[in-house]
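Worksheet for the structure shown next.
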Amino acid sequence: MTEVKSPEVPAPPAAVPDELTPGRRRWHGVRPWLPLAALAVAAILPYSTVSLPGIFEGPLNSPGTLQLLAVCLVFGGLAAGYDLLFGRTGMLSFGHALYFAAGVYGTDILVTRAGLPLWQAALLAVTGATTLAALLGAVALRTVGIAFAMVTLAFAQVGAILVARDFGGWTGGEEGLPLDVSGLPPALVGVTNTVNLYWLALAYLAVVVLVVHRVSGSPTGRVLAGLRDDERRIGVLGLDPYRFKLVAFTLAGGLAASGGVVYCLIVGGASPHITSSELTLSLLVMVVLGGPGTRWGPVLGGILYMYLDHRLTAFGTSDAVESLPAVLSRPLSQPLFVLGTVFILAVYFFPGGLASLTSRLTPLTRALRPTPRA
Amino acid sequence: MLATRGLTWRIGEVAIVDSVYLDLAPGEFLGVIGPNGAGKTSLFNLITGLRRPTEGRILLDGEDVTALPPHRRARLGLGRTFQASSVFGSLTVRENVRLAVQAYRGGSMKLWRRAAADREVAAAADAALDRVGLQHRGAALAGTLAHGEKRKLEIALLLAGEPRVMLLDEPMAGVSAEDVPELVAVIKSLTGDSGRAVLMVEHHMDVILELADRIAVMHHGALLACDTPDTVMANATVQEAYLGESL
Amino acid sequence: GSPQDTASGGGDSAAPVKVGLVYSQSGALASYGKQYIEGFKAGLDHATKGTGKVGDRKIELTEVDDAGDPAKAVSAAKDLIGKGAKIIAGSTASGVALQVAPIAAQNKVLFISGPAATDAITGANKYTFRSGRQSYQDVVTAKSFIGDPAGKKVVVFAQDGAFGDANEAAVKAVIGGAGASVSSVRAPASATEFTPFASQIKAAKPDLLFVAWAGTTAPAMWQTLDQQGVLSSTTVVTGLDIRASWPTFGAAGSKISFLSHYFDGASDTEAAKAAKAKIPGGTIDLFHPDGFAAAQMVVRAVQEGGDDVEKMVKALEGWTFDGVKGSMTIRAGDHALLQPMYQAKLSGSGTAFTAAAQKSLTGDETAPPVTQMKG
Amino acid sequence: MTTVILLALTGLGLAALYFLVASGLSLVFGLADVLNFAHGLFLGVGAYATWWAAGNLPGAGSDGFGFVVAVAFGVLAGALVAVLVELVLIRPLYSRTIEQVLVTVGLSLAGVALLQATWGADARPFPRPEWTRQVTSILGANVPNGGLLLIVAAVLVLGALLAFLRWTRYGLVIRAGVENREMVTALGIDVRKAFTLVFAIGGAAAALAGALGSVYFGTVSPGQGGSLLIFAFIVVVIGGMGSVVGSAYAAVAVGLLQQFVNYYGESGLGDICVVGLLAVVLLLRPQGFAGKVATA
Amino acid sequence: MSEPVLSVEDLSVRIAGLHILQGVSFTVAPTGVTVLLGRNGVGKTTTLRAIVGLTPRNGEVRGAIRMGAQSLLARPTHRLVRGGLGYVPEDRCVFTGLTVAENLRLAERRGTTPAYDKVFALFPELDRRGRQRAGSLSGGQQQMLAIGRVLLNDNRLLLVDEPTKGLAPKVVTEVAEVLERVAESVPVLLVEQNLAVVRRLARDAVVLAAGKVAWAGDAQELLLETGLTKSLLGVGSAEVHS
Ligand SMILES: Nc1ncnc2c1ncn2[C@@H]1O[C@H](COP(=O)(O)OP(=O)(O)OP(=O)(O)O)[C@@H](O)[C@H]1O
Ligand SMILES: Nc1ncnc2c1ncn2[C@@H]1O[C@H](COP(=O)(O)OP(=O)(O)OP(=O)(O)O)[C@@H](O)[C@H]1O
Ligand SMILES: [Mg+2]
Ligand SMILES: [Mg+2]
């Protein structure tokens, strides 16, 4: 009786990689430069004293705002890296948090417990985490679909247990491990230097976007896109699916670990939150919120998610919410309630994510554009 | 070129493919016919490595490939199409073929090159699309193609890999009458010169008769006959088990 | 503007004093956070005699929810410091306290940690203080239950992780150091079935069982210890949690000896009366005194230090004051907060339970060992 | 020997709890093809509804028949919420599996927060019959009655689910619908009804697990469901997706393994062993205990 | 001529912004086989699916589809089918995870006695392979199952999409015979590429081209006139009769 259908995960509702489709004509000349322009704007943002009341607590150049932006940018990068797996290759991993956490804890432990200089610690942590991704990936990729998702989840769970158990007194268990900043470059320490962390996060995001963009547009990216649709077919074409998936998995792991290094510096430590499967789930949420398989979707999704995650705590305790009747104010004061609801609405009203907004708006813009007179 | 030696695939007690001995010479076109469920697709699955045989060996150019995974066999020049179209649905038609070309030419494991910049791949892909008459659909998503178009794309994917041995699983199924001659011409052009060998399953007898040098008849997993078209068509068992009375 | 800009503190003598409160308003520790802030407001009221001002200067509170997440707490702390706050208080969770403390030191602002019980906050750095008790003080109180520990057998039952580690280490130091043999049974914090651990404890036949367990699985754990006969076979000591948790002990409650940080009625000080009058509901709970003490410390710091954080630190070090629990002293060397602790018994049934003090220990009796100031 | 019996029986109690949680999950996952992260919410709803009923619903109480009424109310509430979720959130997204999963993720965030907003973050004592707190002596071992109750309930649920799938037409419709929903409609069957039913059953099973789990824990708290969920997922996957019988075997394996390793091994090793078991099973038999290789 | 069993008027279907059918009108006679012809991708399958109400989510259907006096548009598929509209889809769509017997059982409709003997008489194979999983059937066996499934019940109209695709010549003949027999009692709207089958079965023909009806009328007439077959189907009538 209860027979099982093949444990396949349906490919994500992904778009065709932009990198593999010719650019649209209207923006053809400008388009390649837009990301650089955006990067430049983001880079000079800290020189602005503009206040955006309601959006940020302080002016753009205040440490609080920059800190928040830095966290958002790191998660934008993480989501983009995760999308390399999920949106572009069709691999549903539930254990991506592990490699991020390995980056965070690796750096933290090497700096704080072993007293290594930052650059050495970072290099070791990223190398180590990438190797870990390659090893675990090599095992996990023997399965496909939901089974793969569960094996990765299981590996990540072991990581979480080890961290929580305070194995060897290295991780600080549930209390986490504050980063020892005494050996760090002074430019990365202190509230006044938050801007440097912001730039670091921005650089990380830029690197991830560049890497993901180049890889998806590369011959390998083409194979990954094919894998997402039909793995068997790739095999019959003469390519080893396993190898390509492993490369994607390892690369994504390495990107996540690098994000971990940056995050560790921004937050000034490690805490077990980041090892949980919830983090992977939120990455998934970010990617879908933004639009899997698109260049900017996951980035926007990551930034937006983290922004909401941080700002909703303030929203929940704001006067506007507290003055509402209890039926409304109680749930609204729970950030997770708002976040969950926003997410559900997003799935409904923006299928394809934020990135599909432009195409969904085209009919509108077309209607608004004046038709040339005959 | 391609040979199977006592190839057998059993599920439980039942032999789906039963001790098949086949020999395919370079340049030869071997048609495979047989009632539905005779084991033709299964035979293809064994040869391409998607299934492991329970007994027997598969030789490609005299070399034993029985234990190789599908992609290794493909690289040795073994290509196939699928009975149920399997194309990369979320890629465009052109991208589908480029992927196949790239897979064949090597250099797929290049993470930092721009795939679109490779003119040779693009040119080869366009040539393959041209041959099956799909160039006007190049920008469409393969997943939205109508059935017949998918069949053509399947063949284009196969062509792109320039395989030396090609296995075609019912390429004509669902192709509109108008397009059949065109597709037949394409398939015919595959063999002519290059010493390529083709193994084709097809239920359209006229197509088989037009193309095939020899016809193999499968029945209950076993090879009933393997001979010239005339001999096979005259065979009483084939008449009875496969062709039936004509419409 | 420049990217290095931060708002200056402002030496204006009438300008309000900005105090940032970063604590859990949502998340798992929301109810601890609630008690903390209620206590803080009552304490502020008490220490400023209802004016909310120190001299002419108003104490301007900014409350931020950290949801128990250190990353959010760090963001909030940086934001507050950037806006000129010289004092940060709060931290309901130990993980939060540990990560905010270095931020305070890096930026030279005062940090007064809240309910977070981790020992590691004591002596963390020159700018970090605590307004609540620490695990070590719990353990010293537990020791008072067995008289002379020499030759006795003590088992620690604790959950895996830093909290359990700290408690086990403290028991080994305090009770083991006094001559008892200490062993431990550890269980994962996520465990749902406790029979194996109960069996191990029972097999060890201890004279005293010290249980350090926090979290939602505690009631199941107690029930299992009770069912397997552990509670009736030995003296079992554990910390008394907030009132809302009392009914979850059920029948097991009356068989346990509690060490208590605070419960309503444990003390009858002026401050306790003031707190009772001001707190919504009029019942003091476990973490109200922490908030109350924090407010007292803030007022003291502003009074003596103005805007100068170094002076604030000086003013707090060695200060003795009358808190809700009684006489409290901030030890100059490592900023440990010496304070009374209590032994208690629970009685009652259903949802109505009351706690009664058996004995109270003074701040000196429960003083933790002096630690080296780290930064 | 007594220890072994005690560990085995309490381990089975744990297994029964895992099975109760996993059965609904497995059903919804295997049959409606939705990896339901909101399952923890259904557990919470069942537990809180039972808790509420025992205190407020006339006729319900914390003992005897009143308790049965309270649990029945909780199960009903769980089924109802599940049906609502299916009708409002899942149904409009049919055939968009990933989005369905995502909606349940959103729901698990929002729903648990909602429970917390309504009843607070703290654990509350759960009303339960006095006998569930006591123990029964079996061959010298003091086995908690709460665990025995779980075992009995799990066996009943297993039987009921098997009967449903084997002997009702709905079982067939659902299995076919997972594969090709459109085609089931094209055979003249209102497949939506069948899926709503699956959710209702899944929700009811979850609610029962929530209520009985709370009896076992003695308290109810908003996050309780979520923490059980990860083991339930493991059980579902080890057992073979969608196979109720498989889940039962897997639950027993996981429960006993955890219990014995926790006693004889180091603390925390039990969890790691379970995770290891999952990895090993999946690597050797990706389709789980009961799953059969699907043919392409 | 008697009332048509089905009439399609000005049917227009857009999917994902593509205008696939652009005002298609035709009728299906109450007896015999009406065949829908056209090149690959012209929209034959889309037409049938629109009739049974299976247009994809991102699709949009305009026009009128009527069975007798009853409008079919905007009615859920399962109602239409229960009302006597049988549909055999293009790629068979048997439930690969269920056994053959279960596939058949699923197709039973409430309130009617399923005609198992009729189906098993037509396809004895289905009886023999009752316990085999449909997914492991060969293509031809699956096609028989797909047709047999619909024949279990009484229908007012059958929609059959390329039933002979991928079948052995002998089975093609068998299927054609089955359909011929079926069509004696139920009208059939058939999509078919095999012109030999068309010639044998069809009474009326509708030819689609470029999203519109290019020709409609007597099928035999179409097949006989070389000019017509050449321009509409791309083959000479000689080939049709070969
Ligand atoms: N995985 C499997 N499990 C059980 N039986 C199988 C499996 N795969 C194929 N079969 C059986 O093997 C036989 C041969 O199937 P196969 O698909 O090879 O036939 P075929 O000759 O290609 O038929 P067709 O012309 O209809 O495509 C069929 O009877 C089928 O039911
Ligand atoms: N879901 C879809 N999304 C986008 N385009 C679609 C979709 N379904 C069908 N089409 C397009 O509609 C057109 C008609 O398709 P349809 O399947 O109806 O053709 P057909 O006449 O049945 O062809 P064939 O003979 O190959 O089966 C095709 O061009 C196809 O690409
Ligand atoms: Mg076949
Ligand atoms: Mg079609």
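Quick note: numbers below take in every heavy atom, side chains included, and nothing from hydrogens, waters or symmetry partners.
- Taking A:Gly172, A:Pro59, A:Gly64 one by one and counting their heavy-atom pairs under 4.5 Å with chain C, the maximum is reached by A:Gly64.
- Interatomic distance, A:Phe94 CZ to A:Leu281 CG, rounded to the nearest 0.5 Å: 6.0 Å.
- Considering OH of C:Tyr23 and OG1 of C:Thr92, their distance stands at 8.5 Å, rounded to 0.5 Å.
- Put simply, the side chain of A:Arg311 gets close to the backbone of A:Ile55: a donor and an acceptor are under 3.5 Å apart.
- With chain C as the partner, the residue from A:Leu336, A:Asp309, A:Val163, A:Thr171 showing the most heavy-atom pairs under 4.5 Å is A:Asp309.
- Ring orientation note: the planes of C:Phe157 and C:Phe194 are nearly perpendicular, at an angle over 60° on the 30°/60° scale.
- Most heavy-atom pairs under 4.5 Å with chain A: of the set C:Ser94, C:Ala77, C:Ser75, this distinction falls to C:Ser75.
- The ring pair (Phe, Tyr, Trp, His ring centres under 6.0 Å) analysis of residues 50-78 of chain A, with sequence neighbours excluded, yields the pairs A:Phe56-A:Tyr307, A:Phe75-A:Phe100, A:Phe75-A:Tyr263.
- Looking at C:Asp138 and C:Arg133, a side-chain N of the basic residue comes within less than 4.0 Å of a carboxylate O on the acidic one, giving a salt bridge.
- Of the N and O atoms on the side chains of C:Asp65 and C:Ser24, not one donor lies less than 3.5 Å from an acceptor on the other residue.
- The choice from C:Glu63, C:Gln159, C:Lys78, C:Arg186 that makes the most heavy-atom pairs within less than 4.5 Å of chain A is C:Lys78.
- Inspection of non-hydrogen atoms places A:Ile266, A:Val267, A:Gly268, A:Gly269, A:Ala270, A:Ser271, A:His273 of residues 264-279 of chain A under 4.5 Å from chain C.
- Contact annotation for A:Leu197: only side-chain heavy atoms (C-beta onward) come within less than 4.5 Å of a heavy atom of chain C.
- Put simply, the residue from C:Val64, C:Asn107, C:Leu80 that forms a side-chain contact (heavy atoms from CB on, under 4.5 Å) with C:Ile88 is C:Leu80.
- Both the backbone and the side chain of C:Asp69 have a heavy atom closer than 4.5 Å to some heavy atom of chain A.
- Between the side chain of C:Arg130 and the backbone N or O of C:Thr118, at least one donor-acceptor pair lies under 3.5 Å.
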If you look only at distance, which donor and acceptor atoms sit under 3.5 Å apart when one is on a side chain in residues 176-188 of chain A and the other is two or more places apart or in another chain?
{"from": "A:Asp180", "atom 1": "OD1", "to": "A:Ser182", "atom 2": "N", "distance (Å)": "3.1"}
{"from": "A:Asp180", "atom 1": "OD1", "to": "A:Ser182", "atom 2": "OG", "distance (Å)": "2.8"}
{"from": "A:Asp180", "atom 1": "OD2", "to": "A:Ser182", "atom 2": "OG", "distance (Å)": "3.4"}

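- The stretch residues 163-172 of chain C places C:Phe163, C:Asp165 near chain A, each with some heavy atom under 4.5 Å from a heavy atom of that chain.
- Between C:Glu310 and C:Lys126, at least one side-chain nitrogen of the basic residue sits less than 4.0 Å from a carboxylate oxygen of the acidic one, meeting the salt-bridge criterion.
- Summarising the geometry of A:Leu283 relative to A:Leu78, their closest heavy-atom pair is CD2-CB, 4.0 Å, with the distance given to 0.1 Å.
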